[in-house]
Amino acid sequence: MNKKYVLFFSVLLSVFTFSQQKPTLFLIGDSTMANKENPDKNPEHGLGQMLPLLLTTGIEIQNHASNGRSSKSFRTEGRWDKVKKQLTKGDFVIIQFGHNDQKINDSVRFTNPYTQYRANLERYVQETREKGAIPILMTSIVRRNFNENGVLVDTHKEYSLVVRMVAQDLKVPFVDLQLLTEQLEISYGPENSKRLHLHYKKGEDAYYPDGKDDDTHLSKLGAESIAKLAVNSLKTLKTGLEKYIK
């Protein structure tokens with residue numbers, strides 16, 4: 001075959017292959033978003049673990065969220081580099097940190113909300129955009145923290161405020177999961193909201209033989225409920241991701 005024809009068809013094939021490539025949704029965050037091991041037996045689930053059920057097969061999902069990570073440690077451990085190297089135009093990155101940035105006695109994870117935390121979020125946004133991908137900021141989900149009067153008390157304080165500030169100042173698509181999960185917890189009430197989290201008496205669940213009282217991490221019901229809230233909010237942002245939401 002003529003070399004010119006070989007070259008022509010090679011270029012044509014490359015263009016076709018590129019056009020057929022699926023975009024990827026990358027998730028970066030902490031344990032509340034992460035995939036959990038042994039999902040058939042493990043009662044704990046992350047909200048990112050539920051997203052494949054709510055999105056079409058037209059988009060790939062890579063969940064890089066990991067237990068115990070802050071906006072600082074996710075980068076220093078090289079986890080962000082693995083994501084950034086893969087980013088291409090048309091991809092999406094959901095960014096959700098805060099729970100572990102609050103660990104004031106842990107120099108590996110703690111960040112000052114108004115300085116280092118804000119700078120970290122801005123850098124994730126900027127580096128995502130430099131790759132032609134679309135960043136989406138999310139506030140942290142609330143903890144189940146009702147006081148004696150049945151009032152849900154915020155535990156994230158300045159951190160969620162800073163996410164809102166960065167989203168507004170840098171014009172980043174934004175999902176206020178703090179508000180959405182606050183409304184969810186309140187709708188369930190102080191006692192029934194335990195179902196959204198990990199509350200088991202001794203011997204009640206084989207995975208937690210000694211019992212469990214965890215108001216931060218999510219049960220399957222909690223993860224499913226919050227993932228649906230997140231997806232419904234993502235639909236309204238008009239980033240292009242809505243095309244892949246069922």
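When a residue number appears, it is its place in the shown sequence, counting from 1. Because only heavy atoms are used, hydrogens play no part in the values below, and waters and symmetry mates are left out as well, while side chains stay in. Source: prediction; values computed, not measured.
Shortest non-hydrogen contact noted between Tyr117 and Val163 is OH-CG2, 3.2 Å. Across all non-hydrogen atoms, the minimal contact from Val231 to Leu51 is CG2-CD2, 3.6 Å.
Using modelled atom types, one finds no donor on one side chain facing an acceptor on the other under 3.5 Å when comparing Asn67 with Ser31. When only modelled atom types and interatomic distance are considered, Gln178 and Asp154 share a side-chain donor-acceptor pair under 3.5 Å. Checking Glu44 against His197 by side-chain atom types alone, no donor-acceptor pair falls below 3.5 Å. Between Asn35 and His45, the side chains place no donor N or O within less than 3.5 Å of an acceptor N or O (distance only, hydrogens not considered). Counting only N and O atoms by type, the side chains of Asn145 and Thr155 include no donor and acceptor under 3.5 Å apart. Between the side chains of Arg109 and Gln102, no donor-acceptor pair is found at a separation under 3.5 Å.
For Ser193 (side chain) and Pro190 (main-chain N/O), a donor-acceptor pair under 3.5 Å exists by modelled atom type. Looking only at distances, no side-chain donor or acceptor of Gln49 sits under 3.5 Å from a matching main-chain atom of Leu47. Here the side chain of Asp91 pairs a donor or acceptor atom with the backbone of Thr24 at under 3.5 angstrom.
Asn120 places a side-chain heavy atom less than 4.5 Å from the side chain of Thr111. In this structure, the side chains of Tyr114 and Glu158 come closer than 4.5 Å at one or more pairs of heavy atoms. In this structure the side chain of Val93 never reaches within 4.5 angstrom of the side chain of Ile134, judged on heavy atoms. Side-chain contact between His64 and Arg79 is absent, with no heavy-atom pair separated by less than 4.5 Å. Annotation: side chain of Tyr207 is in contact with side chain of Asn38 (closest heavy-atom distance under 4.5 Å).
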Side chain to side chain contact (heavy atoms under 4.5 Å, CB included) between Leu54 and Lys246, intermediate numbers included: CA-CA 6 Å; Leu54 304 174; Lys246 290 180 180 177; 5.8 Å; no

Asp205 and Lys212: CA distance, side-chain angles, deciding distance, salt bridge (charged side-chain N to carboxylate O under 4.0 Å, His left out) verdict: CA-CA 9 Å; Asp205 190 281; Lys212 186 83 171 174; over 6 Å; no

Pair Arg75-Tyr124, side chain to side chain contact (heavy atoms under 4.5 Å, CB included): steps then yes or no: CA-CA 9 Å; Arg75 182 181 289 276; Tyr124 284 125; 3.6 Å; yes

Residue pair Glu122, Arg118: steps toward the salt bridge (charged side-chain N to carboxylate O under 4.0 Å, His left out) verdict: CA-CA 6 Å; Glu122 289 178 343; Arg118 174 166 182 142; 2.8 Å; yes

Check against salt bridge (charged side-chain N to carboxylate O under 4.0 Å, His left out), Glu185 and Lys194: CA-CA 9 Å; Glu185 298 277 353; Lys194 289 180 180 179; over 6 Å; no

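Rounded to the nearest 0.5 angstrom, Leu196 CG and Glu224 CD are separated by 11.0 Å.
In this structure, the ring of Phe74 has its center less than 6.0 angstrom from the ring center of Phe97.
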